[in-house]
Amino acid sequence: MIDTHMNMSQAFQHVAGQYPRREALVCGTGRATYGQLAEKTEALACGLHRLGVGKGDKVATLLGPCSEFICLFFALARLGGIIVPINPQFRHRQLSRILSDAEPLAVVTAAGVGEEALETIRGWGSESHTPCHLILTEGGSASDLHLADLMSVEPSTLLALRPVDPHDLLALLYTSGTTGFPKGAMHSHRSLIAPVVASLRLRQMRISRPSAQMVGRWAKVLGRYGPRLLRAVGRPQTFLSTVGCHNITGLEVALQALLMGDRLVMMDRFNPLEALRLVERERVTILVAVPMALSVMVRLRGSDRFDLSSLLICGTGSAPCPAELARQVQERLGCAVHIGFGTTELAGGISATSLEDSERLQAETVGQPMPGMEVRIVDDRRRELPRGEVGELACRGDNVMLGYYRSPDRTAQVVDEEGWYYTGDLATMDEQGYLHIVGRKDDMIIRGGQNIYPAELEEHLVSHSRIKEAAVAGVPGKLGGESVWAFVILEEGMEMSAHEVLDHCRAEMEAYKIPDRVRLVSDLPRSALGKPQKFKLREAALKEMKGGNDVCSGHRSIG
């Protein structure tokens, strides 16, 4: 087994050395064994080293799920470099902010990412004090630097490298706060390996040290999942990931599969029919998708023509999963539901439901804490609360981030001197240790697995000369996730349509941040201090959706 005393490269080389002929990665038409993946990774590390990338140097990526990302991740781990995964959907403003903060030595992307992104990268590179290499995975011209060229370097050219410690920085994962400004969560080799080690411990414990109580639970599991469980247990699993590697969910799915000696199937973009085809063709045992993607799959006409008998687990996270959706997955796909709960700051894993849990617990909780994870529920003074009471969820473990990059003050706000990270999520824990997430202390909106921060959208809205004030709220949807409602007050004497408000957003913002509905209002419900009361806006939106009256007066709308 791998452990947290290894760096990421050592962990991967350990697994690849054990299973060199076992298929590791399937992406599009490409396939690679662990041995082939290790060879490509070593060759790329040599090429990057020759380019001047060394320990502590940052390389940003604007890539969808692909084999190039996997090779780049482990190659940088080999060199002691730092990967900075960026959402390829980001537009100029957000992309330039992250580049200016991270100051990468190189950016790896595909020509198909779009001219705006390429111009932003080139523009930032010419303005920065440090030269920045633009490396393309495909497209471009013969004069451009291509990743394939770097991978053609002979591994023997990689000379002695500086030692890489498990506590060294490996990844900067950018996540925006309530201000909408992106923060780089710093993760070490150890903090990214820790969730995988926790999963390995669970797998090892179930196989080699089953207790009498566990045997009883597994008898029920066998009755529930029968042949699916018997075909999967004790064998390498096949993961199908429909999530991008730029966020912690997609990254940890990849690491869970590849560091446990399993097989990883990656989709370059989510398509429900193609996902079902892949489950059938590749005999997938574990499917990972955000709740919105699962809701599309279970409602897809003709899904019964696919052979999904290999599927044992549907894992989901990144957004709240409604209990009804979890039950639909259990019923229509015939598999267990693993609802995972975590944050970027904790490398993803805090808790998860499991096969042994009843269908009710799988649908209505986010499971029990993972091995090695300490969890407590605290009040506003960070004092621990009794079981069953609602409070803020706090966690401590090897997977806690090192801190926010270049932001010690922000780090101190969420990580205390004893290493406890305060998530900002409101939760309860029952007597059996199962967690129930109640809500969030801030107003972050999650739609389709993507984080949307009202402050960022509000800031953009009021940048228009005709908009005086704006309040953005997330409204729960029937299929999981949230819809984005924008309540807008215009400057006195100004006229503006809801369509024009949306056009203002589309001009500079990513597509997933565009409001679903715009309400032009004369005023907003406010607190005694004059602050918009967003819970009342949510109530108004829900009432309107059900055909009731709107508490905001004088509204004109779209959506």
Side-chain angles (χ1 to χ4, degrees), residues 191-206 214 217-218 221 224-225 229 232 237 239-243 247-257 259-260 262 285-291 293-294 311-323 325-327 329-330 333 335-377 393-400 421 423 425 427-430 432-438 446 449 480:
S191 64
L192 290 177
I193 289 175
V196 184
V197 172
S199 295
L200 280 167
R201 286 176 182 169
L202 279 176
R203 186 181 288 189
Q204 183 81 359
M205 183 171 57
R206 289 162 179 162
M214 187 178 295
R217 287 203 304 264
W218 273 89
V221 174
R224 198 181 304 150
Y225 303 113
L229 180 62
Q237 304 302 303
F239 286 72
L240 171 57
S241 177
T242 66
V243 187
N247 65 37
I248 190 59
T249 301
L251 179 57
E252 271 300 327
V253 170
L255 295 180
Q256 290 276 335
L259 295 185
M260 291 202 291
D262 293 327
T285 55
I286 302 172
L287 165 67
V288 181
V290 299
L294 288 180
L311 194 59
L312 181 62
I313 294 167
C314 270
T316 191
S318 297
C321 181
L325 175 58
R327 295 188 182 99
V329 171
Q330 292 166 339
L333 301 185
C335 62
V337 176
H338 281 198
I339 299 178
F341 183 74
T343 69
T344 301
E345 290 84 349
L346 291 172
I350 296 175
S351 66
T353 56
S354 68
L355 277 172
E356 305 100 289
D357 292 333
S358 68
E359 292 183 345
R360 182 189 67 81
L361 288 172
Q362 287 180 18
E364 297 178 9
T365 77
V366 293
Q368 296 170 306
M370 298 294 289
M373 174 60 66
E374 296 180 76
V375 169
R376 63 186 186 187
I377 308 297
L393 177 64
C395 308
R396 183 169 64 177
D398 288 340
N399 55 336
V400 175
Y421 170 72
T423 65
D425 294 289
T428 64
M429 180 183 285
D430 64 22
Q432 288 72 47
Y434 285 88
L435 287 168
H436 303 253
I437 304 302
V438 176
I446 302 177

Return yes if a side-chain donor-acceptor contact under 3.5 Å exists between T285 and Q237, otherwise no.
yes
Between T353 and L361, is there a side-chain heavy-atom distance shorter than 4.5 Å?
no
With a 4.5 Å cut-off on side-chain heavy atoms, are M429 and P369 touching?
yes
Any side-chain heavy atom of M370 within less than 4.5 Å of one from S199?
yes
Can you check whether L287 reaches T242 side chain to side chain, under 4.5 Å on heavy atoms?
yes
Measure the CG-CG distance between L294 and L333 for me, rounded to the nearest 0.5 Å.
7.5 Å
side-chain contact (heavy atoms from CB on, under 4.5 Å) evaluation trace for V329 with C335:
CA-CA 7 Å; V329 171; C335 62; 4.2 Å; yes
Side chains of L240 and L311: does their closest heavy-atom pair fall under 4.5 Å?
no
Are any non-hydrogen side-chain atoms of S351 and M373 less than 4.5 angstrom apart?
no
Can you see which heavy atom on C395 is nearest to which on T423, and at what distance?
SG-CG2, 4.2 Å
Below 4.5 Å, heavy atoms only, C-beta onward: do V337 and E359 meet side chain to side chain?
no
Rounded to the nearest 0.5 Å, what separates atom CD1 in I437 from atom CD1 in I339?
10.5 Å
CG-CG distance between L435 and D425, expressed to the nearest 0.5 angstrom:
10.5 Å
Residue list, side-chain contact (heavy atoms from CB on, under 4.5 Å) with D398, at least two apart or on another chain
T4, R190, A194
Enter the distance from Q330:CD to L325:CG here, rounded to the nearest 0.5 Å.
10.0 Å
Locate the shortest heavy-atom distance separating A198 from P371; write the atom from each residue and the value.
CB-O, 3.5 Å
If you measure from OG on S354 to NE2 on H338, what distance do you get to the nearest 0.5 Å?
5.5 Å
In terms of heavy-atom contacts, V243 and A289 come closest through CG2-CA, 4.3 Å
Nearest heavy-atom contact between P291 and G317 is CD-O, 3.3 Å
Determine whether L346 and Y421 satisfy the following criterion, side-chain contact (heavy atoms from CB on, under 4.5 Å), listing intermediate values before the conclusion.
CA-CA 8 Å; L346 291 172; Y421 170 72; 3.7 Å; yes
Locate the shortest heavy-atom distance separating S191 from V400; write the atom from each residue and the value.
CB-O, 3.9 Å
Nearest 0.5 Å please: distance from the OG atom of S241 over to the CD atom of Q256.
11.5 Å
Validation row: T365, T428 side chains within 4.5 angstrom (heavy atoms)
no
